[in-house]
Each structure stands twice: as structure tokens, then as C-alpha cells.
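Here's the structure, in C-alpha cells; my notes come after.
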Amino acid sequence: MNVIHLPWQRQHSHPVLCFIDLQLEYVSAGRALAVDETEPWTSNCRRLLDFARTQRLPIAHFRQLRRGAFLNPATGFAGWIEEFRPRPSEMVFERALPSCYSADGFPEMTENIDNPILVLAGLTSSGACLATALDCFHHDDASCFVSDASWSQPLGSASADDANAFSGEIIRQYSDVMSTDELITWLSNETFSLVG
């Protein structure tokens with residue numbers, strides 16, 4: 001089996017913290033897409049978001065909007081989890097398909113950043129995070145999946161915990177995988193700007 005090592009230490013690389021699908025649909029009891037655990041991913045996403053805001057790193061929020069019974073804006077469940085509501089200075093992208101690259105304007109945004117590193121956190125690791133990591137690879141963008149700041153629903157007979165771990169191992173073939181602590185340490189030891 002080949003192991004793909006992405007150029008994590010690209011010269012003049014620029015991280016964009018991508019918070020994916022932190023929507024009420026996934027945390028509302030009784031909803032079919034609701035995840036069974038809110039910790040540790042909620043606390044770790046909050047830590048990452050607070051860190052990124054303090055460090056003034058670029059932040060992109062993504063949400064799925066659909067016309068059916070789930071993630072439909074008319075139901076109210078497509079809205080943001082309150083603690084992850086985007087600020088006016090942060091980017092917001094909406095899409096109907098799993099990959100963040102399907103959002104209008106997002107591929108163009110990454111093309112205009114010199115050596116972007118997309119930091120992926122949120123919901124769900126087996127869906128949107130995996131699809132986005134694959135598209136990062138195909139667009140020649142570096143990415144990092146934050147495994148403990150993400151979660152999944154159960155897959156078949158696999159528990160949510162097993163599905164999240166399994167998704168992380170698949171993503172590892174296309175992306176770096178780090179914990180929240182590892183990522184914050186790495187970002188704290190680097191100097192970034194939006195121009196190369």
C-alpha cells in the first residue's frame with residue numbers, strides 16, 4: 001500500500017480553518033441525522049474556533065442546505081449551532097452536496113490563496129469531511145483533518161466512534177490527520193499571512 005505524504009511544510013503556506021456543517025440538524029434529539037455524541041468534538045471545535053479568532057486566521061463556515069426533510073432552511077434545523085454562529089468578518093459557504101468544493105465561490109477562493117492548507121473540522125467525518133479531503137487532494141490543495149474535532153453517525157453495524165476512527169484512517173491516505181492539541185501547537189509555532 002502506498003502512503004501519501006503531503007507537503008505539510010510548504011513554503012509560504014496559508015491555513016484556512018474550515019468548520020463544516022455545525023448545524024442544528026446534527027445535534028437535535030430525535031432527528032434522523034443527529035449524532036449520538038457531542039463530546040469531545042464540540043469542545044475541540046470551540047477551542048479551534050477561539051484559537052483561530054484570537055490569531056486572526058482565515059475562517060470559513062460551511063453548511064448544507066437541501067429541499068427535502070433534512071437540512072432544509074424552512075424547518076429551522078439547517079441553522080447554525082449557536083456557539084458556532086459565524087461572525088460578519090468570517091466566510092460562509094452554502095452547498096447541497098457533501099464536498100465543500102461544491103459551494104459556489106469556494107474553489108475560486110482556494111485558487112487565489114498561495115499554497116492553502118485547509119484545516120477540516122466538524123460534521124460529518126464519514127461524509128462532508130471525507131468528500132472535502134478527497135477534493136483537496138484532487139485540487140492539489142494541502143489539508144489537515146482534525147480527528148477529535150469531528151464526528152460521524154454510525155455506519156452500518158459500526159458505532160459512531162468506530163465510523164469516525166475508520167473515516168480518519170481513509171482520510172489519512174489523502175490528508176494529514178492531527179488532534180486539536182497537535183494542530184494548535186503547530187499553528188502556534190508558525191507565522192502566517194494572507195499574502196505569500
Side-chain angles (χ1 to χ4, degrees), residues 6-27 35 37-64 78-95 99-101 103 105-125 128-129 132-133 135-136 139 141-152 164 167-168 171-172 175-196:
L6 293 177
W8 197 200
Q9 295 292 344
R10 290 183 177 191
Q11 186 176 11
H12 304 298
S13 58
H14 301 100
V16 177
L17 278 83
C18 301
F19 293 92
I20 303 173
D21 298 347
L22 297 175
Q23 296 171 258
L24 293 170
E25 188 75 66
Y26 292 107
V27 295
V35 296
E37 299 285 340
T38 57
E39 292 299 338
W41 67 266
T42 303
S43 295
N44 289 327
C45 277
R46 191 180 314 112
R47 285 177 57 212
L48 283 178
L49 184 57
D50 290 345
F51 175 83
R53 286 172 172 167
T54 299
Q55 299 298 312
R56 297 185 177 173
L57 295 171
I59 297 169
H61 299 268
F62 296 85
R63 68 177 174 172
Q64 288 191 63
W80 305 104
I81 299 169
E82 187 58 38
E83 62 192 305
F84 300 111
R85 184 174 297 282
R87 291 183 178 173
S89 60
E90 297 166 355
M91 296 175 279
V92 174
F93 295 95
E94 297 175 339
R95 69 210 195 283
S99 173
C100 293
Y101 281 84
F106 182 68
E108 293 78 11
M109 187 272 294
T110 63
E111 289 172 9
N112 287 296
I113 296 176
D114 183 29
N115 296 322
I117 297 175
L118 304 181
V119 177
L120 310 177
L123 302 169
T124 62
S125 57
C129 294
T132 303
D135 272 352
C136 283
H139 282 83
D141 293 334
S143 65
C144 176
F145 173 64
V146 189
S147 58
D148 62 354
S150 304
W151 201 246
S152 179
N164 194 59
S167 298
I171 291 171
R172 189 181 305 278
S175 170
D176 283 325
V177 177
M178 297 178 112
S179 69
T180 301
D181 288 338
E182 290 169 334
L183 180 71
I184 288 175
T185 298
W186 181 75
L187 291 174
S188 298
N189 292 323
E190 295 291 328
T191 302
F192 300 106
S193 69
L194 288 177
V195 291

Inset, instruction - First locate atom CH2 of Trp80, then atom CG of Asp21, and finally report the distance between them rounded to the nearest 0.5 Å. - result: 8.0 Å

Legend entry - Check: Ala78 main-chain N/O paired with Gln23 side-chain donor or acceptor under 3.5 Å: yes

Inset, instruction - Quick one: pull up CD1 in Ile81 and SG in Cys45 and give me the separation to the nearest 0.5 Å. - result: 8.5 Å

Legend entry - The single option from Asp135, Asp141, Thr132 passing side-chain hydrogen bond (donor to acceptor under 3.5 Å, both in side chains) against Tyr101: Asp141

Legend entry - Heavy-atom check, side chain of His14 versus side chain of Pro58, under 4.5 Å: no

Inset, instruction - Identify the two heavy atoms, one from Pro15 and one from Leu57, that lie closest to each other, and give their separation to 0.1 Å. - result: CG-CD2, 4.2 Å

Legend entry - Flag if over 12 foreign heavy atoms under 6.0 Å of CZ, Arg53: yes

Legend entry - Approximate separation, where rounding is to 0.5 Å, of Leu49 CG and Arg87 CZ: 7.0 Å

Inset, instruction - Side-chain contact test, heavy atoms from C-beta onward, threshold under 4.5 Å: evaluate it for Thr42 versus Glu83 and give yes or no. - result: yes

Legend entry - Closest non-hydrogen atom pair, Asn189 against Thr185: ND2-O, 3.0 Å

Inset, instruction - For the residue pair Arg47 and Ile184, establish whether any side-chain heavy-atom pair is separated by less than 4.5 Å. - result: yes

Legend entry - 4.5 Å side-chain heavy-atom contact, Arg95 and Phe93: no

Legend entry - Heavy-atom side-chain contact between Phe51 and Leu183 under 4.5 Å: no

Legend entry - Side chains of Tyr26 and Gln64 in contact at under 4.5 Å (non-hydrogen atoms): yes

Legend entry - Straight-line distance of Phe62 CZ to Leu120 CG, nearest 0.5 Å: 8.5 Å

Inset, instruction - Kindly determine whether Phe106 and Leu118 satisfy side chain to side chain contact (heavy atoms under 4.5 Å, CB included), including the steps that lead there. - result: CA-CA 11 Å; Phe106 182 68; Leu118 304 181; 3.7 Å; yes

Inset, instruction - Drop me the distance from Ser125's OG to Phe145's CZ, to the nearest 0.5 angstrom. - result: 4.5 Å

Inset, instruction - Answer whether the closest heavy-atom distance between the side chains of Trp151 and Asn44 falls below 4.5 Å. - result: no

Inset, instruction - Find out whether His61 and Ile59 are in side-chain contact, i.e. whether some heavy atom of one side chain is under 4.5 Å from a heavy atom of the other. - result: yes

Inset, instruction - Check for a donor-acceptor pair, side chain of Asp148 on one end and backbone N or O of Thr180 on the other, with a separation under 3.5 Å. - result: yes

Legend entry - Over all atoms of both residues, closest heavy-atom pair of Ser179 and Val146: C-CG1, 3.9 Å

Legend entry - Gap separating the SG atom of Cys144 from the CD atom of Glu182, nearest 0.5 angstrom: 8.5 Å

Inset, instruction - State whether the side chain of Ser175 and the backbone N or O of Ser143 hold a donor-acceptor pair below 3.5 Å, judged by distance alone. - result: yes

Inset, instruction - Might you point out which heavy atoms bring Leu17 and Leu48 nearest each other, and give the distance in Å? - result: CD2-O, 4.0 Å

Inset, instruction - Search all heavy atoms of Ala60 against all heavy atoms of Val16 and return the closest pair with its distance. - result: CB-CG1, 4.2 Å

